Amino acid sequence: MKSILLINGNDPKALLNSTLYGADAVAYDLHEAVSADDKDAARLLLQEALTFFDFGDAGVFVRVNPMDEGGGEDIAVAGKGKPQAFILPRADAQSLPEADAAITALEAGNGFAAGSVKLIPTVESVAALENISALLSSCPRIMAVIFNAGNFLKDLGVAETGDASQILYARSKVALACRAAGIPAIDRPWNDVKNRDGFEADARNGRALGFSGKLAVSGGQVPPINEIFA
């Protein structure tokens, strides 16, 4: 899995066009892309879209809210459309088992095969990075891991400088732990969509460190990711 395209989970047009860019997987965001007032409507929209839309060969994921901010409701409602996996922000030793239990309940309540819906935790805190090997071995649902550098640096208490060496240790630790566990590591998103040269350099850096793919925040980022991580 080289490319995961992040899509606003409350935008019907974006949902319909999400598979046009050639991403290996599309991830519909209920977290940062959707305001608090629109969460309920977005969950129902996704449930319908996941049930009836033909996604072709693309993987279909849902990025839920953190478990202490409505993630369980996201799983229970949007999950009825049976995405292949849920992306869990701010994953840690407490939230990962909670998400696992919520997915187990979803499978049991909707006739899905046990263990068929996977989890993709996001490493974005100091604690998660320091305990990443234990996290990866704690849940058999984990199919990949995403590294969110921006939130990691916020948790570290420092401003992002734009210098890749600032996150070299964290990036390397995620990539090494995932390789040891046999789990794909997905590199950080690059949010400055106008800076194509910086984006491609960052993608090549991630590939050189051992990442399997990269999170895309626009359709235009997908082809370079697929090429660089081929």
Side-chain angles (χ1 to χ4, degrees), residues 1-11 13-15 17-36 38-39 42 58-59 61-66 69 71 86-91 120-126 128-129 144-175 184-229:
M1 182 167 56
K2 303 176 293 298
S3 53
I4 302 175
L5 176 59
L6 195 61
I7 297 289
N8 185 336
N10 198 36
D11 184 337
K13 183 178 179 180
L15 293 177
N17 293 332
S18 59
T19 60
L20 299 179
Y21 304 100
D24 293 331
V26 288
Y28 301 108
D29 189 12
L30 290 174
H31 179 28
E32 293 172 324
V34 180
S35 68
D38 292 332
K39 300 281 188 191
F61 308 150
V62 173
R63 185 185 186 222
V64 299
N65 289 277
E69 297 178 11
F86 291 102
I87 296 175
L88 179 65
R90 300 209 298 262
I120 302 176
T122 304
V123 173
E124 50 188 312
S125 69
V126 173
L129 181 70
V145 169
I146 293 171
F147 175 54
N148 186 331
N151 285 347
F152 169 76
L153 291 173
K154 288 179 183 177
D155 191 54
L156 190 60
V158 299
E160 189 168 355
T161 65
D163 185 344
S165 66
Q166 186 183 27
I167 55 169
L168 176 60
Y169 169 75
R171 249 177 163 177
S172 299
K173 185 164 184 175
V174 171
I186 307 301
D187 197 18
R188 65 168 175 169
W190 181 269
N191 294 315
D192 185 0
V193 296
K194 295 182 179 180
N195 184 357
R196 184 180 178 91
D197 290 342
F199 160 70
E200 292 191 5
D202 189 68
R204 295 184 189 283
N205 190 9
R207 180 69 184 92
L209 290 173
F211 281 84
S212 306
K214 192 171 184 67
L215 197 66
V217 297
S218 73
Q221 291 181 341
V222 171
I225 290 174
N226 287 343
E227 178 182 349
I228 290 168
F229 287 90

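Numbers here are sequence positions counted from 1. Bear in mind the structure is a predicted one, so any value in this text is a computation, not a measurement.
- What you find for Arg196 and Gly220 is that their closest heavy atoms are NH1-O, 4.0 Å.
- Contact record, Leu5 with Ala23: CB-CB, 3.8 Å, taken as the closest heavy-atom pair.
- Atom CZ of residue Arg204 and atom CG of residue Leu209 lie 14.0 Å apart, to the nearest 0.5 angstrom.
- Side-chain contact between Leu129 and Tyr169 is present, with at least one heavy-atom pair separated by less than 4.5 Å.
- Counting heavy atoms from C-beta outward, Ile225 and Phe199 have side chains that approach closer than 4.5 Å.
- Between the Lys39 side chain and the Leu30 main chain, a donor and an acceptor come within less than 3.5 Å of each other.
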Name every donor-acceptor pair, under 3.5 Å, that has one atom in a side chain of residues 150-159 and the other anywhere in the protein, sequence neighbours excluded.
from	atom 1	to	atom 2	distance (Å)
Asn151	ND2	Glu124	OE1	2.5
Asp155	OD2	Val126	N	2.8

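- Closest non-hydrogen pair, Ala216 versus Val222, comes out as CB-CG2, 4.0 Å.
- Residue pairs meeting the side-chain hydrogen bond (donor to acceptor under 3.5 Å, both in side chains) criterion with at least one member in residues 216-229, sequence neighbours excluded: Ser3-Asn226.
- The minimum heavy-atom distance linking Ala128 with Ala91 is given by the pair CB-O, 3.5 Å.
- Looking at heavy atoms from C-beta onward, Glu69 lies out of side-chain contact with Pro89 at the 4.5 angstrom threshold.
- Separation of atoms CG (Leu88) and OG1 (Thr122) is listed at 6.5 Å; rounding is to 0.5 Å.
- Side-chain atoms of Val34 and Asp29, non-hydrogen and from C-beta on, never get closer than 4.5 Å to each other.
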> Can you list the steps and then say if Phe147 with Leu215 is a side-chain contact (heavy atoms from CB on, under 4.5 Å)?
Replying inline: CA-CA 9 Å; Phe147 175 54; Leu215 197 66; over 6 Å; no

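- Rounding to the nearest 0.5 Å gives a distance of 5.0 Å between CD of Glu200 and CD1 of Ile228.
- Tyr28 approaches Ser18 most closely through the heavy-atom pair OH-OG, 2.6 Å.
- Rounding to the nearest 0.5 Å gives a distance of 11.5 Å between CZ of Arg63 and CD1 of Ile4.
- Rounding to the nearest 0.5 Å gives a distance of 10.5 Å between CZ of Arg90 and CG of Asn148.
- In terms of heavy-atom proximity, Ala14 sits nearest to Ile7 at CB-CG2, 3.8 Å.
- Partners of Asp202 under the side chain to side chain contact (heavy atoms under 4.5 Å, CB included) rule, at least two apart in sequence or in another chain, are Arg171, Asp187, Arg188, Trp190, Lys214.
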